[in-house]
Amino acid sequence: QVLLKESGSGLVKPSQTLSLTCTVSGDSMATNSYYWSWSRQPPGKGLEWMGTITSSGFTTYNPFFKSRTSISSDTSKNQFTLQLSSVTPEDTAVYYCARRMNPGNARLSLEYGDWGQGTQVTVSS
């Protein structure tokens, strides 16, 4: 069974960069064909796919987030990261990492793939 866990600061000041790490257990990021993804869910809203990285290091981003988002990986540590720059209070959300079989918005649901439990990030001064 694969396990994923998000970690990072739960509070970020406006205009700063949000940074989170997803640690993967029970699977190797370097030797599979899954898509390693970041998504978020703002209060009262639906799940928003942000971006994906593959075992080869190729990244794909939701155009809405592309200008502010950077996803990277360290396969030796079985980790991948999310950086979201220039944050505002609108970026307050629960952030999830996931191992998915689809690269983007298709089948974007906690029912498909393996997801971390999510971590709350609040943007506030």
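Residues: numbered from 1 along the sequence shown. These numbers come from a predicted model, not from an experiment.
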Problem set entry | Nearest non-hydrogen partners of Trp49 and Ser39, listed with the distance | CA-OG, 3.6 Å
For this session: Considering non-hydrogen atoms only, spot the tightest contact between Ser9 and Leu20 and give its length.
Result: O-CD2, 4.3 Å
Exercise. With side chains defined as the heavy atoms from C-beta onward, is the minimum distance between Tyr34 and Arg100 less than 4.5 Å?
Worked result: no
Exercise. Distance from Asp114 atom CG to Trp36 atom CH2, nearest 0.5 Å?
Worked result: 8.0 Å
For this session: First locate atom CG of Leu84, then atom OG1 of Thr69, and finally report the distance between them rounded to the nearest 0.5 Å.
Result: 5.0 Å
Problem set entry | Ser85 backbone acceptor or donor facing Arg68 side chain under 3.5 Å | yes
Problem set entry | Side-chain (Asn102) to main-chain (Leu108) donor-acceptor, under 3.5 angstrom | no
Problem set entry | Val94 with Leu110, same ILVMFWY side-chain cluster at under 4.5 Å | yes
Exercise. Between Thr119 and Tyr95, is there a donor-acceptor pair closer than 3.5 Å when you use the side chain of the first and the backbone of the second?
Worked result: no
Seminar exercise, completed: Taken to the nearest 0.5 Å, the spacing of Ser125 OG from Gln16 CD works out to 10.5 Å
Exercise. If every non-hydrogen atom of Cys97 is compared with every non-hydrogen atom of Phe80, which pair is closest and at what distance?
Worked result: CB-CZ, 3.7 Å
Exercise. With side chains defined as the heavy atoms from C-beta onward, is the minimum distance between Tyr35 and Thr54 less than 4.5 Å?
Worked result: yes
Exercise. Is there a donor-acceptor pair closer than 3.5 Å between any side-chain N or O of Glu48 and the backbone N or O of Arg40?
Worked result: no
Exercise. Do Thr60 and Thr52 have a side chain donor and acceptor closer than 3.5 Å?
Worked result: no
Problem set entry | Side-chain (Tyr61) to main-chain (Ile71) donor-acceptor, under 3.5 angstrom | yes
For this session: Given side-chain contact (heavy atoms from CB on, under 4.5 Å), test Leu82 with Phe65 step by step and report yes or no.
Result: CA-CA 11 Å; Leu82 170 72; Phe65 298 104; over 6 Å; no
Exercise. Do any N or O atoms from the side chain of Trp115 and from the backbone of Leu4 form a donor-acceptor pair under 3.5 angstrom?
Worked result: no
Exercise. Hey, any chance Met29 and Leu3 share a hydrophobic cluster, counting ILVMFWY side chains that come within less than 4.5 Å of each other, even indirectly?
Worked result: no
Exercise. Should Ser109 and Leu47 count as side-chain neighbours, where that means a heavy-atom distance under 4.5 Å?
Worked result: no
Exercise. Thr88 versus Pro14: any side-chain heavy-atom pair under 4.5 Å?
Worked result: no
For this session: Might you point out which heavy atoms bring Pro43 and Ala93 nearest each other, and give the distance in Å?
Result: CD-CA, 4.4 Å
Exercise. Measuring from Lys5:NZ to Gln117:CD, what's the distance to the nearest 0.5 Å?
Worked result: 4.5 Å
Problem set entry | Side chains of Thr21 and Gln79 in contact at under 4.5 Å (non-hydrogen atoms) | yes
For this session: Supply the atom-to-atom distance Met101 CE to Ser33 OG, rounded to the nearest 0.5 angstrom.
Result: 10.0 Å
For this session: Could you tell me whether a side-chain N or O of Asn78 sits under 3.5 Å from a main-chain N or O of Val24, the two making a donor and an acceptor?
Result: yes
Exercise. Are Val121 and Tyr96 joined in one hydrophobic group, where the rule is that I, L, V, M, F, W and Y side chains link up if heavy atoms are under 4.5 Å apart?
Worked result: no
For this session: Give the C-alpha distance, both sets of side-chain angles, the deciding distance and a yes or no for side-chain contact (heavy atoms from CB on, under 4.5 Å) between Val87 and Lys13.
Result: CA-CA 8 Å; Val87 298; Lys13 295 182 182 298; over 6 Å; no
For this session: Examine distances only and state if a side-chain atom of Gln83 and a backbone atom of Ser19 form a donor-acceptor pair shorter than 3.5 Å.
Result: no
